[in-house]
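One structure is given below, encoded as structure tokens.
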There are 2 protein chains.
Amino acid sequence: MTGPRAYHHGDLRRALLAAALDAIEEVGPAALSLRDLARRAGVSHAAPAHHFGDKAGLLTALAAQGFDLLAQKLVNADDVLEAGVAYVDFAVTHRAYFEVMFRPELYRADDAELIAARERSGAALRSGVATLPTGAAPADTDRDALAAWSIAHGFATLWLAGALPERVGDDPRTAARDVLRRLAR
Amino acid sequence: MTGPRAYHHGDLRRALLAAALDAIEEVGPAALSLRDLARRAGVSHAAPAHHFGDKAGLLTALAAQGFDLLAQKLVNADDVLEAGVAYVDFAVTHRAYFEVMFRPELYRADDAELIAARERSGAALRSGVATLPTGAAPADTDRDALAAWSIAHGFATLWLAGALPERVGDDPRTAARDVLRRLAR
DNA sequence: GTGCCATCTTGTCAATGGCAAGATAGGATT
DNA sequence: AATCCTATCTTGCCATTGACAAGATGGCAC
């Protein structure tokens, strides 16, 4: 809402979110420590509580940011295939966001701002699938979107989990395009 | 039922693993507490450490069990489509196992027993794809397997995360079969 | 019976999340 | 200007947890 004003710290809320992204990339979202974030930002251990209430509050804000960022990436994609590639690219590039977004037990899934952001992501995904040049029924479009989402999401999470064999290569975009094509053909 | 014995539990290792499955279904694998498991099993707070070393040790054992269980489900499937359905069914039915298996930051991914079990799962998956009646090259088979794995894994994780819209229905097997068919056609 | 050893307990410590109460600062009200 | 107001941040505290160390227990080999 109101822009960050220069108080004691200046921009603590933003600084904590940025520190959280770094920390999550290092230790994962579950092992995130509010006190560690406070240390990184140079404030006392209870400062984060004021801005986010508790750890779930901070992760809720992070997840909402993530869904918005993802929505932007998806609407900029040219077609369904590239939207899928963009999805995987987002997951790998913004790993911290992605890992929080799909772990609703870590945040408040009923948060209004978060639900809105998630809805924007979903709409972007569906609109990409709807532009497919097939005379499919709407119900089929739903399932097509779900299939596209599933394969992109699955590849992304498997990549992040390090579960894929080495021969897949080290470029997630290329490998993802190769895999996603199998659905779109 | 074997009540809590005076000193030696009798089958503490198994009891702790069973308690861990319950606890993970309740609070997720990250919020798992060794001391809580000890209380559930009626032993002292340090007893789990003897059997598993630390929390990662316990989750390593759980993950290995899970990969073995999954491998069994996959080899019993008739074709690729049903293997995918079995994969999703495993994730939903044995949610606790599944949630640990693909979170390697929680356990020791270099554990020998775990690697062996994971390899058995992978082999079961690939062998299903290889039986497809297509004159595809081996390299294509690899990619086909990866695509099948991705879409099944993606659907399963999205289902578990509660990310899917309600109109997908409440039966994961039926919905999964509908989605997976889009790859196999 | 004796000794051995896996099993389990008790005790302890640092780290964490969360709460409560207080301190601080910048603007608003009068 | 003096005072109030409120968001911001600090200090202090407590229960819980993971991990470690040292000791207690009991089954089992000999």
Side-chain angles (χ1 to χ4, degrees), chain A residues 1-24 26-63 100 103-108 111 113, chain B residues 2-24 26-63 100 103-108 111:
Chain A
M1 290 281 293
T2 68
R5 289 145 62 169
Y7 272 80
H8 300 173
H9 176 279
D11 199 3
L12 182 57
R13 183 187 166 95
R14 194 178 306 266
L16 287 173
L17 288 174
L21 288 177
D22 289 343
I24 291 172
E26 293 170 16
V27 299
L32 185 68
S33 156
L34 288 182
R35 288 168 113 99
D36 179 48
L37 298 187
R39 281 190 294 268
R40 290 177 192 237
V43 294
S44 82
H45 65 87
H50 179 262
H51 289 278
F52 301 102
D54 54 5
K55 198 196 284 195
L58 187 144
L59 293 179
T60 302
L62 217 56
V100 174
R103 219 159 292 179
E105 78 273 12
L106 294 179
Y107 57 81
R108 302 209 176 80
D111 179 81
E113 216 168 314
Chain B
T2 68
R5 294 186 180 178
Y7 209 94
H8 277 61
H9 180 279
D11 200 3
L12 183 56
R13 183 186 166 92
R14 192 177 308 265
L16 287 173
L17 288 175
L21 289 177
D22 289 342
I24 291 172
E26 293 169 17
V27 300
L32 185 68
S33 156
L34 288 182
R35 287 169 115 100
D36 178 50
L37 298 187
R39 281 189 293 268
R40 291 177 191 235
V43 294
S44 82
H45 65 87
H50 178 261
H51 289 278
F52 301 103
D54 54 7
K55 198 197 285 195
L58 187 144
L59 293 179
T60 303
L62 259 189
V100 173
R103 219 158 292 181
E105 77 274 12
L106 294 180
Y107 57 83
R108 301 208 177 79
D111 180 81

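Here is the naming used below: chain letters follow the sequence lines, and residue numbers restart at 1 for every chain.
- At the phosphate of D/dT17, OP1 or OP2 sits under 4.0 Å from a side-chain N or O atom of B/Ser33.
- If you take CG on A/Asp11 and CG on A/Leu17, they are separated by 9.5 Å, rounding to the nearest 0.5 Å.
- Note on B/Arg13: nothing from the nucleic acid sits closer than 4.0 angstrom, heavy atoms only.
- One can place CG of A/Leu12 at 15 Å from P of C/dG26, the figure rounded to the nearest angstrom.
- In terms of phosphate contacts, B/Arg39 brings a side-chain nitrogen or oxygen within less than 4.0 Å of OP1 or OP2 of D/dT17.
- What you find for B/Val100 and B/Ala63 is that their closest heavy atoms are CG1-CB, 4.0 Å.
- Residues from residues 47-60 of chain A with heavy atoms under 4.0 angstrom of DNA chain C, sorted by number: A/Asp54, A/Lys55.
- In the displayed structure, A/Glu113 atom CD is contacted under 6.0 Å by at most 12 heavy atoms of other residues, nucleotides or ligands.
- Listed here is the closest heavy atom pair of B/Ala47 and B/Leu12: CB-CD2, 3.8 Å.
- Contact detail for B/Pro29 and B/Leu106: the closest heavy-atom pair is CB-CD1, 3.9 Å.
- Of the candidate nucleotides D/dA21, C/dG18, D/dT17, C/dG18 has the atom nearest to the side chain of A/Leu34.
- Here the CZ atom belonging to B/Arg35 is positioned 9.5 Å from the OG atom belonging to B/Ser44, to the nearest 0.5 angstrom.
- Rounding to the nearest 0.5 angstrom, the gap separating the NE2 atom in A/His45 from the CG atom in A/Asp36 is 14.0 Å.
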Could you pull out every donor-acceptor pair under 3.5 Å between side chains of residues 50-62 of chain B and any protein atom, sequence neighbours left out?
{"residue": "B/Asp54", "atom": "OD1", "partner": "B/Ala56", "partner atom": "N", "Å": "3.4"}
{"residue": "B/Asp54", "atom": "OD1", "partner": "B/Gly57", "partner atom": "N", "Å": "3.0"}
{"residue": "B/Asp54", "atom": "OD1", "partner": "B/Arg108", "partner atom": "NH2", "Å": "2.7"}
{"residue": "B/Asp54", "atom": "OD2", "partner": "B/Arg108", "partner atom": "NH2", "Å": "2.8"}
{"residue": "B/Lys55", "atom": "NZ", "partner": "B/Leu32", "partner atom": "O", "Å": "2.8"}
{"residue": "B/Thr60", "atom": "OG1", "partner": "B/Ala56", "partner atom": "O", "Å": "2.6"}
{"residue": "B/Thr60", "atom": "OG1", "partner": "B/Arg108", "partner atom": "N", "Å": "2.9"}

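- Rounded to whole Å, the distance from CG on A/Leu37 to P on C/dT16 is 10 Å.
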Would you tabulate the pairs of protein nitrogen or oxygen atoms and nucleotide nitrogen or oxygen atoms of nucleotides 12-14 of chain C closer than 3.5 angstrom?
none

